Amino acid sequence: MHIHPVILSGGSGTRLWPLSRAALPKQLLPLVTAHSLLQETVLRLRGISGVTAPTLVCNHEHRFMVAEQMREIKATPANIFLEPMGRNTAPAAAIAALAVQATDPDGLLLLLPADHLIADVAAFEHAVSVAAEAARAGHLVTFGIVPLAPETGYGYIRRSAQPLDTQAEVYGVEAFVEKPSRDVAEAYLAAGDYLWNSGMFLFQASVFLNELKQFHPDIFAASQVALDNSTRDLDFVRLDRAAFETCPSESIDYAVMERTRKAVVVPVDMGWSDIGSWSALWEVGDKDAQGNVLRGDIYIDAAHNNLIRAESRMVAVIGVSDLVVVETADAVMVAHKDCVQDVKKTVEYLKQHGRTEHLNHTRVFRPWGWYEGIDSGERFQVKRIMVTPGEKLSLQMHHHRAEHWIVVSGTARVTRDDEVILLTENQSTYIPLGSTHRLENAGKIALHMIEVQSGAYLGEDDIVRFEDIYKRN
């Protein structure tokens, strides 16, 4: 039986604001290494015997970034399923299981969140090997993390006192337990038979689907229709919106694992963290002699046990301890490590006041590259634009603005109404209001440009697309 990895990448990760935002959530960020958490999740699969190309499930808004990150690590997914809206993990697992069962009736599914850190890859590989044997025997396997502290931010699994007769490292599941209070968490730790619920699973596709059909037939039916009526879009599979919208939002735990008699757990100690807060990132980070975790251009003096991250400018931290300081181009957050869970209050404030700092960074990624705002004022806006080689923006026009384009480096092919011109370094052109136009990188290196917009309205929704190779609406 092959093991088919399924990477669940639909989260928004607002607890790591201001770095993680709706358009660039934490699984797509390089938080610990040079690779994003999503990339690390795929890379650690390469040492597992019998593993196939991964299947990814993500939000349709993140599709191009997900595909590009896979290309960066030379990974070719079996499928990238696009969820039109979030419906928790059970429908995502069902759709992946249905797809695998269609091509490999005996196939195993290894479900992994895209945003977890695993420091001990060898321990992870061993746990998967143990779990695969149990899954081949018909069990639904979850991975329980051996707890290191009375953590109140995780759910717990109570395992059986003795392992299964057939496998020494596999235990029965006595109960799934919600996030406890501090006192209860300390009792769990002392008892020795409680494990952190990692949200990772391994099971035979057919066994999971049979249990889902029994316990939640509505999720099974809606997932089947969403997959049957899906459409292929470039590198992606778009699930049918109408069917998926009717699907109940439910986790794998609630939908199946808490009801089935087939649930078992493999305890594992593998340096696991779900990176659920800035303090969690400090816990797993590489610390200097004073206990600080530092990333970016930072000056520090007489400061201890801080996490400091500078993204766009120099940050100086002097004479403080136990703080989290995160600087981005448009927002700075300073919090005590004990209060980082309250970051969500800041995000709620931004939402309530109609702001955008929780949605996008100043650099906004597009399938053709990215743009970032440099300056703006009454009736003008200045942007820096990067177009990757061979890519092109849509053929478009604007009702309310004109644009000046100046090439900083690279070669631009510019379509302006019936005219096509080539521009190189230090050359420029003007796009009048109402003109049909397109920008394309005609060279072998990245195209960098400065765009100056002027007009009565400068919003991104003032775009009429006539042709788009990325099939955006």
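Here the structure is a predicted model, which is why all the values come from computation and not from measurement.
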> Going by heavy atoms in the side chains, are Tyr371 and Met386 under 4.5 Å from each other?
Replying inline: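 In short, these two side chains do not touch, never coming nearer than 4.5 Å.
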Nearest heavy-atom neighbours spanning [X] and [Y]:
X	Y	answer
Met70	Pro77	CG-CG, 3.9 Å
His361	Leu19	NE2-O, 2.6 Å
Leu202	Ala135	CD2-CB, 3.5 Å
Ala310	Val315	CB-CG2, 3.7 Å
Ala280	Ser273	CB-OG, 4.2 Å
Phe124	Met200	CE1-CE, 3.7 Å

Output field: ring centroids [X]/[Y] closer than 6.0 Å:
X	Y	value
His116	Trp272	yes
Phe64	Phe236	yes
His353	Tyr349	yes
Phe201	Phe143	no

>> Working note: Arg309 + Glu327, criterion salt bridge (charged side-chain N to carboxylate O under 4.0 Å, His left out); need CA distance, chi angles, decisive distance, verdict.
In response: CA-CA 6 Å; Arg309 188 168 181 128; Glu327 177 274 332; over 6 Å; no
>> Set out, in order, the CA-CA distance, both residues' side-chain angles and the distance that settles salt bridge (charged side-chain N to carboxylate O under 4.0 Å, His left out) for Glu467 and Arg438, then state yes or no.
In response: CA-CA 10 Å; Glu467 179 186 314; Arg438 164 175 270 163; 3.2 Å; yes
Has [X] got more than 12 heavy atoms of other residues, nucleotides or ligands less than 6.0 Å from its [atom1]?
X	atom1	answer
His399	NE2	no
Asp418	CG	no
Asp301	CG	yes
Arg313	CZ	yes
His2	NE2	no

State the [atom1]-[atom2] distance between [X] and [Y], to the nearest 0.5 angstrom.
X	Y	atom1	atom2	answer
Met397	Ile431	CE	CD1	12.5 Å
Leu56	Asn79	CG	CG	9.5 Å
Lys383	Glu372	NZ	CD	11.0 Å

Check [Y] with [X], please: is the shortest side-chain N to carboxylate O separation under 4.0 Å?
X	Y	answer
Glu357	Arg21	no
Arg63	Glu61	no
Arg71	Asp235	yes

> Do His437 and Thr415 have a side chain donor and acceptor closer than 3.5 Å?
Replying inline: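 Side-chain D/A pair, His437 to Thr415: absent.
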> Is there a donor-acceptor contact under 3.5 Å from the side chain of Gln204 to the main chain of Gly107?
Replying inline: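 Here the side-chain-to-backbone pair does not exist.
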>> Given the ring of Trp282, does Lys337 sit roughly above its face, with NZ or CZ under 6.0 Å from the centre of the six-membered ring and within 45° of the axis?
In response: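 Checked: cation-pi criterion met.
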